[in-house]
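Below you'll find the structure, written out as structure tokens, and then a few comments.
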Amino acid sequence: MEHLINLDKELFLFLNGLGSEPFDGFWKIITKQLYWIPFFIAVFYLVIKKEGFNVSFWRYFLSALFLPIGIFIVLFFYRSYYNDEIFLKKAKNVFVIILFLTVLLTFTDQITNLFKYSFERLRPCNNPEFDGLMREVITRKSFSFFSGHAANSMASTTFIVLIIRKYYKHTYLLFLFPLIFAYSRIYLGLHYPGDILTGYLVGGIFGFGFYKLYLILGKKYNF
């Protein structure tokens with residue numbers, strides 16, 4: 001275990017050292033969920049389109065981007081294309097996916113916090129071993145193991161990809177999101193590679209587990 005920890009530290013120093021000051025601002029943007037909102041909206045568009053809503057992408061996107069309830073306004077607008085029974089079934093399916101995703105992220109986030117406060121591993125930016133050796137771009141006082149960014153992004157991506165993969169080609173490209181999103185934590189000096197990889201593993205397991213639960217309950221309650 002000590003050998004693995006040392007390898008983890010060495011790999012962190014190597015990857016963190018690849019960064020340079022001109023790119024620091026870019027990775028500070030990448031690491032914040034707020035700046036990924038257009039991506040999240042686009043993914044959710046794939047979800048509602050999968051349910052058969054014939055929604056113009058740009059009309060949907062602009063509505064969803066500038067109005068907090070824009071997505072639901074768009075769906076309600078397109079209600080005129082369907083009878084009430086069909087519309088309600090499609091809307092229910094979309095709602096169930098949102099509900100599962102919300103519970104999944106809440107569950108994953110709480111498990112991540114449980115591990116962090118159980119192991120109490122110092123973040124690289126707070127580790128005195130790295131004084132003068134690493135690029136410290138951002139500092140945080142919370143603990144490091146394992147990465148919530150990695151776990152949450154992988155859990156949500158796994159869940160969504162498994163749901164929509166048979167409807168779209170190249171759905172696996174969505175996994176670029178957790179890869180880029182979580183790597184930013186190494187670049188900024190907030191996580192070790194081991195934190196990221198463990199987060200990916202945990203998030204992938206939880207995402208797959210919730211997908212299986214979604215299928216089981218879907219058969220039982222017809223959604």
Side-chain angles (χ1 to χ4, degrees), residues 1-20 23-36 39-40 100-162 172 174-213:
M1 181 60 69
E2 184 177 350
H3 179 63
L4 289 176
I5 292 175
N6 287 333
L7 287 176
D8 195 24
K9 292 178 179 179
E10 291 176 7
L11 182 57
F12 163 77
L13 289 175
F14 171 74
L15 294 174
N16 174 259
L18 294 177
S20 60
F23 294 98
D24 290 352
F26 170 77
W27 287 101
K28 286 180 180 179
I29 291 174
I30 289 295
T31 203
K32 291 186 178 180
Q33 294 93 331
L34 177 66
Y35 295 109
W36 286 89
F39 172 77
F40 300 149
F100 264 81
L101 195 57
T102 301
V103 175
L104 170 60
L105 289 174
T106 302
F107 178 76
T108 304
D109 195 58
Q110 292 306 307
I111 293 296
T112 301
N113 288 332
L114 177 63
F115 270 75
K116 283 185 177 180
Y117 288 98
S118 297
F119 286 89
E120 296 188 346
R121 187 185 194 188
L122 293 178
R123 292 184 183 272
C125 59
N126 298 324
N127 191 335
E129 294 180 39
F130 295 151
D131 288 347
L133 298 177
M134 61 168 282
R135 298 186 69 257
E136 188 176 301
V137 183
I138 293 180
T139 59
R140 293 285 187 274
K141 293 185 178 180
S142 54
F143 296 112
S144 183
F145 183 81
F146 47 87
S147 168
H149 277 62
N152 289 328
S153 60
M154 183 59 76
S156 58
T157 302
T158 300
F159 179 72
I160 292 297
V161 166
L162 289 173
Y172 61 87
L174 293 179
F175 282 109
L176 289 174
F177 161 58
L179 293 177
I180 297 172
F181 187 53
Y183 172 75
S184 69
R185 312 304 282 176
I186 299 174
Y187 181 99
L188 297 171
L190 297 173
H191 279 294
Y192 300 94
D195 301 334
I196 302 300
L197 293 176
T198 303
Y200 284 156
L201 177 62
V202 172
I205 292 173
F206 288 167
F208 180 78
F210 269 72
Y211 169 70
K212 286 296 186 181
L213 181 62

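Throughout, numbering of the chain's residues begins at 1 and tracks the sequence. Bear in mind that the values here come from a model prediction, so they are computed numbers and not experimental data.
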- request: For the pair Phe115 and Phe145, name the ring-plane relationship: parallel under 30°, tilted 30 to 60°, perpendicular over 60°.
  value: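 It falls in the tilted class, 30° to 60°.
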
task: Determine the interplanar angle of the Phe100 and Phe210 rings, folded into 0 to 90°, and report it as parallel if under 30°, tilted if 30 to 60°, perpendicular if over 60°.
output: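 Geometry flag for Phe210 against Phe100: perpendicular rings.
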
task: Check the pair Leu13, Glu10 against side chain to side chain contact (heavy atoms under 4.5 Å, CB included), reporting the backbone distance first and the verdict last.
output: CA-CA 5 Å; Leu13 289 175; Glu10 291 176 7; 5.9 Å; no

Nearest atoms (heavy-atom pairs only) where [X] meets [Y]:
{"X": "Gly199", "Y": "Phe146", "result": "CA-CD1, 3.7 Å"}
{"X": "Ile138", "Y": "Arg140", "result": "CG2-NH1, 2.9 Å"}
{"X": "Pro124", "Y": "Phe130", "result": "O-CD1, 3.6 Å"}
{"X": "Leu190", "Y": "Cys125", "result": "CD2-SG, 4.0 Å"}
{"X": "Trp27", "Y": "Ser184", "result": "CE3-CB, 3.5 Å"}
{"X": "Ala155", "Y": "Leu104", "result": "O-CD2, 3.4 Å"}

Could you tell me the separation between the [atom1] atom of [X] and the [atom2] atom of [Y], rounded to the nearest 0.5 Å?
{"X": "Asp195", "Y": "Lys116", "atom1": "CG", "atom2": "NZ", "answer": "8.5 Å"}
{"X": "Met154", "Y": "Phe177", "atom1": "CE", "atom2": "CZ", "answer": "10.0 Å"}
{"X": "Leu34", "Y": "Phe40", "atom1": "CG", "atom2": "CZ", "answer": "9.5 Å"}
{"X": "Thr157", "Y": "Leu162", "atom1": "OG1", "atom2": "CG", "answer": "10.5 Å"}
{"X": "Lys141", "Y": "Asn126", "atom1": "NZ", "atom2": "CG", "answer": "9.0 Å"}
{"X": "Thr31", "Y": "Trp36", "atom1": "OG1", "atom2": "CH2", "answer": "10.0 Å"}

Do [X] and [Y] touch side chain to side chain, with heavy atoms closer than 4.5 Å?
{"X": "Asp131", "Y": "Pro128", "result": "yes"}
{"X": "Arg121", "Y": "Ile5", "result": "yes"}
{"X": "Tyr35", "Y": "Ile30", "result": "no"}

Pairing residues for Asp109 by the salt bridge (charged side-chain N to carboxylate O under 4.0 Å, His left out) criterion, not counting sequence neighbours: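 Here no residue qualifies.
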
query: With sequence neighbours left out, what residues match Phe175 under ring-ring contact (aromatic ring centres under 6.0 Å, His included)?
result: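 ring-ring contact (aromatic ring centres under 6.0 Å, His included) check on Phe175 returns nothing, list empty.
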
field: By ring-ring contact (aromatic ring centres under 6.0 Å, His included) - contacts of Tyr211 (at least two apart)
entry: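 Expected list: none.
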
- prompt: Picking from Asn16, Asn127, Asp8, what satisfies side-chain hydrogen bond (donor to acceptor under 3.5 Å, both in side chains) with Tyr192?
  reply: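 Among Asn16, Asn127, Asp8, the one that satisfies the side-chain hydrogen bond (donor to acceptor under 3.5 Å, both in side chains) with Tyr192 is Asn127.
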
More than 12 heavy atoms from other groups under 6.0 Å of CZ on Phe26: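 Yes, CZ of Phe26 has more than 12 neighbouring heavy atoms, counting only those of other groups under 6.0 Å.
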
- request: Identify whether NZ of Lys or CZ of Arg in Arg135 sits under 6.0 Å from the centre of the six-membered ring of Tyr187 and within 45° of that ring's axis.
  value: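 Yes - Arg135 lies over the ring of Tyr187, closer than 6.0 Å to its centre and within 45° of its axis.
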
task: Carefully, step by step, assess Tyr200 and Leu179 under the rule side chain to side chain contact (heavy atoms under 4.5 Å, CB included).
output: CA-CA 9 Å; Tyr200 284 156; Leu179 293 177; 3.8 Å; yes

